[in-house]
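Throughout, numbering of the chain's residues begins at 1 and tracks the sequence. For ligands, and for the atoms within them, numbers begin at 1 and follow the listed sequence.
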Amino acid sequence: MSNPLIVAVDGPAGSGKSSICRAVASRLGWTYVNTGALYRAVGLIAAERSVSLDDDENLVKLVEEFQKNFTWDPATGRLYVGSDDLTLRLNSHTAGANASLVAKNSAVRAALLPVQRKLAFFSPKGAIVDGRDIGTVVFADSACKVFMTASLEERAKRRLRQLEAEGSADSSLKLETLMREIEQRDIQDSKRGIAPLVMCDGATLLDTSKLTFEESVETLIRIISQSYNI
Ligand code: DC
C-alpha cells in the first residue's frame, strides 16, 4: 500500500485551520489530523495532575504514558486516554495556554513527532495535517504546503463568536483582551527556539481574513489540486 498524500498546513491560532481543514478532508474523503490536539492533551493532563510545566522529567513521563494509552478516532477527531474522553476539555483556555508552553519543550516535541506521522499514515488516501511545524519538520517533504493565516483582529473576532456560540463568553470579555491573548500566543509560537511557526519555503499563503468559510474551503481544495491529482 502506498503512503497517503499529505497536505501540510501551518498557521497561527485562530486562522481557521482546524475548521477549514476538517471540512476539506471530509469533502475529499481524507483524514484530518489536528496536531495541536496532542499538545493540548499534554498541557491539559499536566494541569489536571498538577505537573509543573518546568518539570521536564515528569513532563516527559507524562508524554510517554500518554503515547501508550491514548486512542484517537480519525472519523470524529475524538481523543481518549483510556476511557476518559478529553475532546471537550481540549478547547479550554487552560489546555490552549499550557499547550503553547509545553510546545517549547524539545523532549515533548521529539516524543510527539512519531505520533503525528503515525496518525497521518492511518489514512488510506490522503491526510490534511495542521499545526505549527508540519511543513518544516513533521512532513517537511510534503509536496503540498500551505500557510494559513488571518489578521489578528479577524482571528480575535472569530474566537469571540466561537466563545459566544458555546455560551462561554461572559459579557465583560472584550475583543481587545482576546487580541492581546492571541498576540501573546503568536509570539510564543513563532519566537521559540525549537520548531517555530514560520511560513516555509514552497508554502502557498492562504489569508482567510476576507474570505467566507466556503471560499476558504474552495481555495484550499484548489491549492491541493495544484499539487495532487484529486
Ligand atoms: O493549533 P492549536 O491552537 O490547537 O495548538 C495549540 C498549541 O500547540 C499552539 O499554541 C502551538 C502548539 N503546537 C505546536 O507547537 N506544534 C504543532 N504542530 C501544533 C501545535
Do NZ/NE/NH1/NH2 and the carboxylate oxygens of [X] and [Y] come within less than 4.0 Å?
X	Y	result
K191	E183	no
E153	K157	yes
R89	D84	yes

Practice item. Return yes if a side-chain donor-acceptor contact under 3.5 Å exists between R185 and Q188, otherwise no. Key: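 Absent: no donor and acceptor within the cut-off.
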Exercise for review: Decide whether D130 and S18 meet the rule of one side-chain donor and one side-chain acceptor closer than 3.5 Å.
Suggested key: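 Not at all, the side chains of D130 and S18 share no donor-acceptor pair under 3.5 Å.
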Please write down residue, atom name and distance for the protein heavy atom closest to [atom].
atom	value
atom 10 (O) of ligand 1	D189 OD2, 3.0 Å
atom 17 (C) of ligand 1	R132 N, 3.4 Å
atom 8 (O) of ligand 1	Y39 CB, 3.5 Å

In terms of atom number and element, which parts of ligand 1 are under 4.0 angstrom from non-hydrogen atoms of [X]?
X	result
A99	6 (C), 7 (C), 8 (O)
A103	12 (C), 15 (O)
G131	17 (C), 18 (N), 19 (C)

Check your understanding: Looking only at heavy atoms, is any part of R185 under 4.0 Å from ligand 1, and if so is it the side chain, the backbone, or both, or is it neither?
Key ->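 For R185, only side-chain atoms sit under 4.0 Å from ligand 1.
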Point to revise | ligand 1-proximal atoms of R192, by part, heavy-atom distance under 4.0 Å | key: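 For R192, only side-chain atoms sit under 4.0 Å from ligand 1.
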Review point. Are any non-hydrogen side-chain atoms of W30 and V7 less than 4.5 angstrom apart?
Key: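 Yes, their side chains come closer than 4.5 Å.
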Practice item. Determine, using heavy atoms of R109 and all atoms of ligand 1, whether some pair is separated by less than 4.0 Å. Key: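 Distance cut 4.0 Å: R109 passes for ligand 1.
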Exercise for review: Test side-chain hydrogen bond (donor to acceptor under 3.5 Å, both in side chains) on T208 and R158 and set out the steps.
Suggested key: CA-CA 11 Å; T208 64; R158 290 175 189 169; 3.1 Å; yes
Review point. Counting heavy atoms only, which of K17, Q116, R40 is nearest atom 3 (O) of ligand 1?
Key: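 Going through K17, Q116, R40 one by one, R40 has the nearest heavy atom to atom 3 (O) of ligand 1.
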Check your understanding: Looking only at distance, does T35 have an N or O less than 3.5 Å from an N or O of ligand 1?
Key ->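 Yes, at least one N or O pair falls under 3.5 Å.
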Exercise for review: Nearest 0.5 Å please: distance from the CD1 atom of I230 over to the CG atom of L5.
Suggested key: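 It is 9.0 Å, given to the nearest 0.5 Å.
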